[in-house]
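Here's the structure we're looking at; comments come further down.
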Amino acid sequence: MKWNGLWAVYTAHEHIYRKGEEDEENRKAVGIVAGGATCDGGLASKTVRREREFPRDRIMNGIGTTIQTANASKEHDKTHILNYISGNVNDLDAEPPKEHEKYEALNDAVRGAFASSIAVLQSACGGGDEWQDILTAMSKSIKKDIMHFDFDVGDGWDGLSAERAVEMVSHLPPSIEGLGIDYAPYGYPFMDAVIDWIEKKSTNLKSLAIYSTCVGGRNANKGRDTGIRLAKTLAAKNTIEKLRLYRTDLMGSRNVDEWSKAFEKMTSLKELYCYGMKPYIKRVDESTFDEKTSTVKYPEDKRQLAFV
């Protein structure tokens, strides 16, 4: 069952929206909008900054929403709504069923709309009993737009542990058509979880972008081997139309043959963008070189290690 009209949730909430360090604006409402609001200008960072103001208690109320127990301004309106949802359109005044599978489909859509917001995930990632409830709700979301995770320092994910990062990507909505990952310092277990999700759960992933992410850590071969696994998974899935790999150890001279074979099988691929780490060699802090593992701290993100 599709609920294409369900795309935004707004609430009255007075707050100060900070556009920058010195640019503030008094606002009286905030919304969670699938794909971002027009005022965000298509920038995921603006969407996160705006939606971060959504009251947490109302988020959790939204995740606990059930259409069959919700109130309407008029009782007969609720009767009509429940009958329409359950499919009894010929007699909207009849007593609606107390439970129905279509109620649950709509409940999952509402809960998923809240839970798949980046701002909501950031709010809950540092702790609290609601984390698992949010992940469960997100996994049942029917959203189709891109989910973009920027894990750079100071971008709202500082409280996210590596274990919770793995849990989170394992519960991504199966229906999303795009996934973006920037500055992920969680190593190969995180990227393995991403690949598992692509292989076993995603249904229509068309766009994948991974930026400034080294997964090998002190086991330099993990970057190469994880890249090979990603290549084989994308080739077998064959839904990707746009692939971006920038400044990552997932693709390089050590696994170029495996990627080449994968590209031959990726007949759905229309756009490919690859950008290596060579320009950053001059920025490497040589004092961080580990001779045993042949790694240095990644110049773009000192939380990560890069093979050299």
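- The shortest side-chain heavy-atom distance between Thr213 and Asp249 does not fall under the 4.5 Å cut-off.
- Arg27 contributes atom CZ, which lies 12.0 Å from atom CD1 of Ile16 (distance to the nearest 0.5 angstrom).
- In this structure, Tyr246 and Tyr211 have perpendicular ring planes: the angle between them is above 60°, well past the 30° mark.
- Contact between Met147 and Lys143 at its shortest, heavy atoms only, is CG-NZ, 3.9 Å.
- Under the 30°/60° scheme for interplanar angles, the aromatic rings of Tyr103 and His100 are found to be tilted.
- With respect to Asp285 and Lys297, no salt bridge is recorded, no charged nitrogen being found less than 4.0 Å from a carboxylate O.
- Met138 and Phe151 fall within a single hydrophobic cluster, where Ile, Leu, Val, Met, Phe, Trp and Tyr side chains are chained together by heavy-atom contacts under 4.5 Å.
- Not a single donor-acceptor pair under 3.5 Å links the side chain of Thr248 to the backbone N or O of Leu245.
- Among all heavy-atom pairs drawn from Tyr84 and Leu92, the shortest one is N-CD2, 4.0 Å.
- Surrounding CD of Glu101 are at most 12 heavy atoms belonging to other residues, nucleotides or ligands under 6.0 Å away.
- Asp93 and His76 share no side-chain donor-acceptor pair at under 3.5 Å.
- Taking CD1 of Ile240 as the reference point, atom CG of Leu234 lies at 5.5 Å (rounded to 0.5 Å).
- Within a 6.0 Å sphere centred on CD of Glu271, heavy atoms belonging to other residues, nucleotides or ligands number more than 12.
- Lys232 contributes no side-chain N or O that, together with a main-chain N or O of Trp259, makes up a donor-acceptor pair within less than 3.5 Å.
- Of the candidates Ile146, Val194, Val169, Leu179 forms a side chain to side chain contact (heavy atoms under 4.5 Å, CB included) with just one, namely Val194.
- A salt bridge between Lys222 and Asp225 is absent, with no side-chain N of the basic residue lying under 4.0 Å from a carboxylate O of the acidic one.
- Using a 4.0 Å cut-off between a side-chain N of Lys or Arg and a carboxylate O of Asp or Glu, Asp196 and Arg229 qualify as a salt bridge.
- Counting only N and O atoms by type, the side chains of Thr69 and Thr66 include a donor and acceptor under 3.5 Å apart.
- Gln122 and Asp155 share no donor-acceptor pair across their side chains, judged by distance under 3.5 Å alone.
- In terms of hydrophobic clustering, with Ile, Leu, Val, Met, Phe, Trp and Tyr side chains grouped at heavy-atom distances under 4.5 Å, Leu272 and Leu208 are assigned to a common cluster.
- Between the Asp145 side chain and the Ile176 main chain, no donor and acceptor come within less than 3.5 Å of each other.
- Considering OH of Tyr183 and SG of Cys214, their distance stands at 11.0 Å, rounded to 0.5 Å.
- Within the 3.5 Å criterion, the main-chain N or O of Gly223 finds no donor-acceptor partner in the side chain of Thr226.
- Using a 4.5 Å cut-off between side-chain heavy atoms of Ile, Leu, Val, Met, Phe, Trp and Tyr, with links allowed through other members, Phe190 and Tyr298 fall into different hydrophobic clusters.
- For the pair Lys206 (side chain) and Lys242 (backbone), a donor-acceptor distance under 3.5 Å is absent.
- Under a 3.5 Å cut-off, the side chain of Arg50 and the backbone N or O of Gly31 do form a donor-acceptor pair.
- Of all non-hydrogen atoms in Ile85 and Lys102, the two that sit nearest each other are O-CD, 3.1 Å.
- Taking hydrophobic clusters as Ile, Leu, Val, Met, Phe, Trp and Tyr residues chained together by side-chain heavy-atom distances below 4.5 Å, Val166 shares a cluster with Met191.
- Looking only at atom types and distance, the side chain of His148 has a donor-acceptor partner in the side chain of Asp182 under 3.5 Å away.
- Salt bridge annotation for Asp301-Arg303: present, with a cationic side-chain nitrogen under 4.0 angstrom from a carboxylate oxygen.
- Using a distance-only test at 3.5 Å, with no hydrogens or angles considered, a donor-acceptor pair links the side chain of Trp197 to the main chain of Leu172.
- A salt bridge is defined here as a Lys NZ or Arg NE, NH1 or NH2 lying under 4.0 Å from an Asp or Glu carboxylate O, and Arg283 with Glu300 meets this definition.
- Arg254 forms a cation-pi arrangement with Phe307, by the criterion of a distance under 6.0 Å to the ring centre and an angle within 45° of the ring axis.
- Between the side chains of Thr233 and Glu199, no donor N or O sits under 3.5 Å from an acceptor N or O.
- With Gln304 contributing its side chain and Ser212 its backbone, the two residues share a donor-acceptor pair below 3.5 Å.
- Of the possible donor and acceptor atoms, none in the side chain of Glu51 sits under 3.5 Å from a partner among the backbone N and O of Val120.
- The minimum heavy-atom distance linking Arg224 with Asn255 is given by the pair O-ND2, 3.1 Å.
- Between the side chains of Thr267 and Asn238, a donor-acceptor pair is found at a separation under 3.5 Å.
- At a threshold of 4.5 Å between non-hydrogen side-chain atoms, the residues Ser116 and Ser141 count as touching.
- The minimum heavy-atom distance linking Gln68 with Asn107 is given by the pair OE1-ND2, 3.2 Å.
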